[in-house]
There are 2 protein chains.
Amino acid sequence: MTSDQATDIQRRMYNFIVHYMKTERMPPTNREIGRELQIASTGHVDYHLNMLEKKGLISRQPKKSRGIKLIKTVTGIPVMGSIAAGQPLEISRDPEQMIDVGREMEHDNTYALIVKGRSMIEDHICDGDYVVIKPQDTCNNGDIVVAVHLQEGMSGSATLKRFFQEKDHDRVRLQPANSELEPILIPRSEWDEEWKVQGKVVAIFRQCRAA
Amino acid sequence: MTSDQATDIQRRMYNFIVHYMKTERMPPTNREIGRELQIASTGHVDYHLNMLEKKGLISRQPKKSRGIKLIKTVTGIPVMGSIAAGQPLEISRDPEQMIDVGREMEHDNTYALIVKGRSMIEDHICDGDYVVIKPQDTCNNGDIVVAVHLQEGMSGSATLKRFFQEKDHDRVRLQPANSELEPILIPRSEWDEEWKVQGKVVAIFRQCRAA
DNA sequence: ATTAGTTTTGAAAGGCTGTTCTATTTTTGT
DNA sequence: ACAAAAATAGAACAGCCTTTCAAAACTAAT
């Protein structure tokens, strides 16, 4: 039995526990779980909690009120893959890795990407750094953004660049922070059709590996 | 009534709640609090919890088991001040700011400092970055460390540098990551007497200000 | 259709928990 | 020394909570 084989109700139960713990900062009681999932019997909740424990998703502390602990870390934001200038963005649906970046940033669908290469090195974003992305359609001039190139038949490739709207040239410039690399210039007409802003970098996190 | 005027037992009670929540990931029950602080009566615990609520340190959810919430954020690590190459390190005893950097780093007495200036710019550590410091006496060659210069009558000034032990010259070199700045060279004999390593940088965190 | 396994209900037992009340002791300020 | 305020103990209550049990409903496979 693995965690994959969780019933629909068990998955909903687990999700509720995660959500409850995030908002309430304590685990829910069996009754609260039952109320949420419209389960009539507390024994029934107990039954599925035992299933979740057997499947390795939670651990239980017998006799203790709210005696539920999550096995996996669910704080922080998901690391959705890696990104490099020009190369496609790999996104995993169910990211196994999570990273804590402070509660203020845990809004909405904020996520993290691992930077590959030195394309943003002059902005002091290094290979291996985590960039925290806040999803949004629009951005200001000079923001570091994840820009997606929409291509027929493909899910689109993404790149990390600084965004500049050049009114005098009637185009958008996606500028890498590396003088060896060229900016991408997109005529205003093609923007919005072939490109869009996926999100904006709000923080950078670097772990120093042990020497 | 402010949080400053907390009795000794109330302070211990609050500290226990904080500690319990960190380790157990849920608030303690009144009885668990009483057991820890050797309070015989649950009514007595209730009394002091009300005091703590009145003093603005916690909030209580009536009738709910473990119905305690902390008002201040206590996750993450404390920001103990700021540091710049050559300039003294300001350390506040009771840091008001906290920063989340992931639970793996919340060990021991790990803390954060705010970097001032561009002395480590070539290592891509910028003005305003947070550096996460893990306290330790020793370090390896090439580690970025907080080095403290012990001075008579002063609490000592600290600086952020790369550490190199130069065996052939029989000295220690504290190297800034800025070619405009000179390294500090300390004869082996003076090291350990006038200098010590306070801790080592294990992570860097940068918040991108909104444009 | 039958059977085995799983899911759901209802009820009840017994321990835990927050709360309240009264009385007693200790501390504090005058 | 005295009075007021704060701290502590003990007991008791009602509601909450987990756990258990027996029985019923449902599902899937044969």
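Letters go in sequence order (proteins before strands), and every chain restarts at 1.
For residues 117-136 of chain A, the pairs satisfying salt bridge (charged side-chain N to carboxylate O under 4.0 Å, His left out) are A:Asp123-A:Arg162, A:Asp129-A:Arg206, with sequence neighbours left out. Evaluation of the salt bridge (charged side-chain N to carboxylate O under 4.0 Å, His left out) test over residues 29-49 of chain B, restricted to residues two or more places apart or in two chains, returns A:Lys64-B:Glu32, B:Glu32-B:Arg66, B:Asp46-B:Arg60.
Under the rule for a side chain to side chain donor-acceptor pair (under 3.5 Å), the partners of B:His124 that lie at least two apart in sequence or sit in another chain are A:His124. Partners of B:Arg173 under the side chain to side chain donor-acceptor pair (under 3.5 Å) rule, at least two apart in sequence or in another chain, are B:Glu166, B:Gln175. Under the rule for a ring-ring contact (aromatic ring centres under 6.0 Å, His included), B:Tyr14 has no partner lying at least two apart in sequence or in another chain. With sequence neighbours excluded, the residues forming a side chain to side chain donor-acceptor pair (under 3.5 Å) with B:His48 are B:Gln10, B:His44, listed by chain and number. Listed by chain and residue number, B:Lys69 satisfy the salt bridge (charged side-chain N to carboxylate O under 4.0 Å, His left out) test with A:Glu24 (two or more places apart in sequence, or in another chain).
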Encode nucleotides 8-20 of chain D as B, S and - characters from 5' to 3', where the letter depends on protein heavy atoms closer than 4.0 Å: B to the base, S only to sugar-phosphate, - to neither. BBB------BBBB
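Rounded to whole Å, atom C1' of C:dT17 lies 14 Å from atom CE of B:Met26. One atom, CG of A:Asp8, and another, P of C:dT6, lie 18 Å apart when rounded to the nearest Å. To the nearest angstrom, P of D:dA5 lies 13 Å from NZ of B:Lys54. Rounded to a whole Å, the CG atom of A:Leu52 is 11 Å from the P atom of C:dT7.
Relative to the axis of its first five pairs, the axis of the last five pairs of the helix from C:dA1-D:dT30 to C:dT30-D:dA1 sits at 40°, rounded to 10 degrees.
Distance alone, capped at 3.5 Å, is enough to place a donor-acceptor pair between the A:Asn141 side chain and the A:Gln165 backbone.
OP1 or OP2 of C:dT7 lies within a sub-4.0 Å distance of a side-chain N or O belonging to A:Thr7.
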